[in-house]
Amino acid sequence: MAGWFFREEPRVARVVLAMSGGVDSSVAAHLLRRAGHDVVGLFMRHGEAVESCASADAAASPPPLAILPPRASHKQGCCSASDAADARRVADRFEIPFYALDFSDAFGRIIDYFVAEYRAARTPNPCVMCNNWLKFGKLFDYADSVGAEFVATGHYARLTGDGDRLALRRGLDAGKDQSYVLFGVARHLLPRMMLPVGDFRKDEIRGMAHELGLRVADKKDSQEICFVAAGEHAEFVRRRATDETEDRSGQIVTTDGAVVGQHNGLEGFTIGQRKGLRVALGEARYVVRLEPDTRRVVIGSREDLARNSFTARQSNWLVDPPADSLRCLVQIRYTSRPAPAVIEPLPEGRLSIALDEPLGGIAPGQAVVCYDGDRVLGGGWIER
């Protein structure tokens with residue numbers, strides 16, 4: 001059973017479920033209905049015209065929703081017209097009321113953040129912000145308006161315990177765990193969250209979808225940012241620039257200062273990047289540092305990437321914030337392995353992180369998430 005069933009609240013409740021049209025939220029609908037809950041399905045329209053190539057039934061007519069016409073791309077998104085059609089069919093299958101709400105205004109904030117971070121030589125994580133601001137932000141406003149006590153999603157993470165013991169934990173399926181992207185949820189909202197698929201493996205979820213006869217059973221997972229076509233991040237940022245005449249070009253230099261190439265903008269790079277540098281030095285080179293003041297991209301060896309410490313800002317805690325140093329595991333990217341470290345709290349919600357062993361690919365703008373075993377303690381945003 002899903003982790004939220006372990007709470008001391010077995011009663012039936014009204015639940016708003018974020019339905020993306022994917023297999024996870026679709027099976028979440030089944031699990032919630034099976035538990036007897038009164039479920040309201042909600043599809044979030046963001047208004048950006050990026051086509052999803054992962055529809056369960058591309059030939060099916062889209063629902064009568066005012067979604068912008070899609071443009072061709074290789075994007076596997078989660079908010080397109082075809083995704084809305086898949087979500088609507090699942091809702092009909094389980095006799096769940098289904099609504100598609102226009103979140104384009106609120107989503108504009110995420111896009112503005114995405115563009116601003118890249119232009120400041122940081123690597124944004126819009127999926128975390130979407131969870132913080134929309135899925136576990138705006139959706140609670142909607143839930144309140146319809147008398148729903150809970151908001152549910154198809155994230156692979158678990159909630160266990162109750163009251164002060166309530167904990168956000170990694171999903172049972174280590175390969176699909178999404179607890180990292182939930183670190184920024186406000187702590188007071190945890191008691192109102194449901195994560196029905198967190199105690200299942202992905203193959204079990206697909207197996208249930210097949211048993212239920214859902215068309216989305218074999219639908220591919222969303223793997224990219226839902227408002228940007230794959231490989232077009234830099235171009236998207238440039239199109240959104242407030243001053244299109246601004247010169248964003250600069251030099252590509254080695255760690256010893258030798259100029260080895262030119263680039264069109266720092267938004268085309270991230271710390272740890274190896275491919276796409278367009279420089280030939282006879283051996284692999286990685287982006288070690290981005291300098292927004294000089295517009296230089298600094299490249300070096302894998303060893304040059306390694307760092308023993310860094311700082312973070314805007315921390316958010318799902319436990320009582322630490323008053324002193326805290327030994328824990330830290331994860332610096334969604335796909336990275338947790339590493340042992342010591343966290344020191346700093347003024348104004350900042351953190352100092354000292355790693356037991358050097359770690360590469362620490363990118364300003366990404367989240368650092370702290371764990372005690374499989375429990376999410378909190379985290380912050382890497383600043384340098």
Side-chain angles (χ1 to χ4, degrees), residues 20 22-24 54 74-78 110 114 117-118 122-132 135 153-158 168-185 195 197-198 200-203 205-206 220-234 268-277 284 286-288 290 302 305-307 310 312 316 328-341 353 355-383:
S20 66
V23 64
D24 300 321
H74 297 291
K75 171 74 188 65
Q76 291 184 25
C78 61
I110 294 175
F114 178 84
E117 287 291 279
Y118 264 120
R122 294 188 290 263
T123 305
N125 195 319
C127 294
V128 173
M129 290 303 187
C130 183
N131 289 321
N132 297 350
K135 291 179 181 174
T153 69
H155 284 99
Y156 282 84
R158 297 175 297 137
L168 176 66
R169 299 184 182 277
R170 292 189 184 276
L172 182 69
D173 189 333
K176 293 296 181 180
D177 169 56
Q178 293 174 301
S179 60
Y180 173 90
V181 300
L182 298 178
F183 92 92
V185 173
L195 303 169
V197 305
F200 297 93
R201 296 190 307 273
K202 183 72 177 197
D203 59 347
I205 294 298
R206 289 200 183 277
K220 294 181 180 178
D221 294 336
S222 286
Q223 297 178 345
E224 302 290 341
I225 299 169
C226 63
F227 56 86
V228 182
E232 296 184 11
H233 298 66
F269 302 89
T270 186
I271 304 299
Q273 178 179 335
R274 179 174 65 87
K275 297 181 179 180
L277 301 183
Y286 302 82
V287 175
V288 174
L290 299 175
R302 180 184 290 274
L305 276 173
R307 295 174 56 188
F310 59 100
N316 181 70
C328 61
L329 298 173
V330 298
Q331 188 170 328
I332 62 166
R333 300 255 184 162
Y334 176 64
T335 56
S336 68
R337 293 183 179 180
I353 299 95
L355 298 159
D356 286 9
E357 300 290 341
L359 196 61
I362 300 171
Q366 285 288 293
V368 53
V369 180
C370 307
Y371 289 85
D372 178 9
D374 68 350
R375 182 178 185 176
V376 179
L377 302 177
W381 296 95
I382 299 171
E383 58 182 359

Check against side-chain contact (heavy atoms from CB on, under 4.5 Å), Ile271 and Leu290: CA-CA 7 Å; Ile271 304 299; Leu290 299 175; 4.2 Å; yes
Donor-acceptor under 3.5 Å (Tyr180 side chain, Ala367 main chain):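 The answer is yes, because a donor-acceptor pair under 3.5 Å joins these two groups.
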Heavy-atom donor-acceptor pair, Arg158 side chain to Gly171 backbone, under 3.5 Å: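 A pair under 3.5 Å: no.
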Taking all heavy atoms of [X] and all of [Y], pick out the closest pair and write down the distance.
X	Y	answer
Asn316	Phe183	ND2-O, 2.8 Å
Gln178	Gly154	OE1-O, 3.9 Å
Cys370	Cys328	CB-SG, 3.9 Å
Arg122	Pro124	O-CD, 3.4 Å
Ala339	Leu359	CB-CD2, 4.3 Å
Leu329	Pro338	CB-CB, 4.0 Å

Intermediate values then yes/no, side-chain contact (heavy atoms from CB on, under 4.5 Å), Met129 and Phe114: CA-CA 9 Å; Met129 290 303 187; Phe114 178 84; over 6 Å; no
With Ala234 via side-chain contact (heavy atoms from CB on, under 4.5 Å) - residues at least two apart: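 Scan of Ala234 (side-chain contact (heavy atoms from CB on, under 4.5 Å), adjacent residues dropped) gives Arg238, Glu267.
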Please report the interatomic distance [atom1]([X]) to [atom2]([Y]), rounded to the nearest 0.5 Å.
X	Y	atom1	atom2	value
Tyr156	Ile205	OH	CD1	4.5 Å
Tyr118	Thr270	OH	OG1	6.0 Å
Thr123	Ile382	OG1	CD1	9.0 Å
Gln331	Arg337	CD	CZ	11.5 Å
Phe200	Asp173	CZ	CG	12.0 Å
Leu305	Arg274	CG	CZ	11.5 Å

So do the side chains of [X] and [Y] get within less than 4.5 Å of each other, counting heavy atoms only?
X	Y	result
Asp221	Lys202	yes
Ser179	Arg169	no
Val376	Tyr371	yes
Asn125	Trp381	yes
Leu182	Leu168	yes

Audit row: Ile332, Ile353, side-chain contact (heavy atoms from CB on, under 4.5 Å) steps and yes/no: CA-CA 11 Å; Ile332 62 166; Ile353 299 95; over 6 Å; no
Asp177, Asn131, Val197 screened by side-chain contact (heavy atoms from CB on, under 4.5 Å) with His155, the one that passes: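 The residue from Asp177, Asn131, Val197 that satisfies side-chain contact (heavy atoms from CB on, under 4.5 Å) with His155 turns out to be Asn131.
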Trace of the salt bridge (Lys or Arg N to Asp or Glu O under 4.0 Å) decision for Asp24 with Lys176: CA-CA 11 Å; Asp24 300 321; Lys176 293 296 181 180; over 6 Å; no
Other residues, nucleotides, ligands: >12 heavy atoms within 6.0 Å of Arg307 CZ: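 More than 12 within 6.0 Å, yes.
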